[in-house]
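First up is the structure itself, then whatever we jot down about it.
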Amino acid sequence: VTEILFALALGDSLVGATDHCDYPPEAANIARIGGFGAPNVEKLLALSPDLVIAAGFEREEVAEVLRRSGVRVLDVRIRNFEELFDAIRQIGKAVDRLYQAESVVARMRGELEAVTARNGAIPPAQRPKVFVEIDSHPLTTAGGNSFLDDLIVRTGGVNVAHEISQAYSSINPEKVIEWNPDIIIVAQMGCTGDAAVQLSRRIGWSDISAVKNGRVIADIHPDLLFRPGPRLMEGAKALAAELHRATKGNVTDAARSRRRQP
Amino acid sequence: VRCGSKNNLVLSAVLFAWLAAAVVLSVFCGPARVSLSELGQSGILWLRVSRTVLAIVVGAGLSVAGVIFQAILRNPLAEPYVLGVSSGSAIGAASAIIFGLGVVGAWTVPAAAFGGALVTIIMVYAVAREPDGTVPVHTLLLSGVIVSAVLGSFLMFVISVAPSEGLHGVLWWLLGSLQVFDGQLLLVVGTAVVIGLANAARLAGDLNPLTLGDEKASLLGMDVERARRRFFLLASLLTGATVAACGLIGFIGLMVPHAVRLAIGPDHRRLVPACAVAGAGFLVLADCLARTVVAPREVPIGVITALAGGPFFLMLLRRRKLAGWR
């Protein structure tokens, strides 16, 4: 939400942000009011804001307390692109920047449609199968109701975990072997080192197509994929580029194997 | 002591049949539907086998650690985590995760968990030790429970101030999981547990006098302090090694010893090996459930051990009073 407000050129009106709001760099100077979804209400009120914009409170009571103290509260839930665009418009309306909000949405929608147009028409059979690893202990992935699922579909891939309805869900590693994804996206916080090598050392994982063909992607910053804000478009573009490259690779692979056949 | 060789033979046959059935089920069930012929070729077989091996190792280790703690502390409520191993290892793992040591290598988090467990155990022992070198059972138990509570609160403090990205990993330690990725880790933990189990089986006879009380045990010619220290170390090693591999798995170390004791009596020479095999089979089965009930998602294994084991244990309890504890 902080990023959306900065995109609306309202960074200067921000009096508080959560501990996790670290982008753009200017946001570092804003007072901190506690965790995401669980703000410190005392600190929040001490900043005497006119409006509090939240992306889901852990406890509904917080919104009630704020309202009773005469603070306007806008709570936006963002689970897919439509909800994101809607949230940006709602925020724009609440801060009297509806026009700017519409232009941000229009720009994002334009970029998104450009990505979708290029990759959305790929027939299902030719789409690369994508597995997203959010955490390794326990193995966690993004299911059908997650933003990432939407992102993968729009960038021309198939999320292998689509059938799981939870947005974030633990997953049995043998299921990943069965799915045999063409691409694995490692979107774990603080994951460095050679992800591909680490994955290939896992028991039974060396036969997965993505691991065998070196299609383990760990260099897209998780914030670009998970944080519902304007930067998501960067993530979408990076993801599309990777999936697209993979698709071409598959074609070559297929061509090569065809040639090998007598 | 009725310890007929025929009796033992029947017992081993039953126990190994139980374990074998569990292993077969474990290798052939899972969320991925694979035909028998394909199973051998895919990596899935290896994954299931290593997971089953880990369940055997951990199930046996925790059950035997439970028997030992119940005997040396002379307390039916004792279990592997009673002396603070749980919170100690969780703090070790949590600091490794939160300070980002996990980046250094896949080994750092298990190693930190094991280190945390060892430091805690030494601390508990040092607190309970009297100036004359003796370690009274009740002081040891109290010291363990208090250290555990203090460390547990400290853990909650660390979690509450930590950036949320680290939280997930820490919670995993508290819930436990038999997911195994690293064959080397499995080998190291397996070796440690097997060494621990072999020693426990070798020394099991010494546990019998210890349950009678210090006075009677020393009347029987036993160096009580030395024996207790040895068992204390052994059980801690077993617990620490299992925690390093799969986090905290509750209930099994409490329940399996009692269930087996009800079935075969309180002689530790039979109890220790029987618990190892029975516990291994139980955990293998529990893990089967953990990965199939909501497949392809997984349920924390501790949930299954308590849910599946609890009612069974209560049923045993209804049928007979806790044997060996009067």
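In the text below, chain A, chain B and the rest are named by the order of the sequence lines, each starting its count at 1.
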Heavy-atom closest pair, residues A:P173 and B:E298 = CD-OE2, 3.6 Å
Side chain from CB out, backbone as N, CA, C, O: work out which of these in A:I208 comes under 4.5 Å of a heavy atom of chain B, or both, or neither.
-> neither
Say you draw a straight line from CG of B:L47 to NZ of A:K175; how long is it, rounded to the nearest 0.5 Å?
-> 13.0 Å
Shortest non-hydrogen contact between B:I44 and A:I177, atoms and distance = CG1-CG2, 3.5 Å
The residue among B:Q179, B:R51, B:R48 that forms side chain to side chain contact (heavy atoms under 4.5 Å, CB included) with A:N172 is B:R51
Go through the atoms of A:I171 and report whether side chain, backbone, both or neither lie under 4.5 Å from a heavy atom of chain B.
-> both
Applying side chain to side chain donor-acceptor pair (under 3.5 Å) to A:T141 and not counting sequence neighbours gives none
Counting only heavy atoms not in A:E163, do more than 12 sit closer than 6.0 Å to its CD atom?
-> yes
Expected list for residues 184-193 of chain B: side-chain donor-acceptor pairs under 3.5 angstrom, two or more places apart:
| residue | atom | partner | partner atom | Å |
| --- | --- | --- | --- | --- |
| B:T191 | OG1 | B:L187 | O | 2.5 |

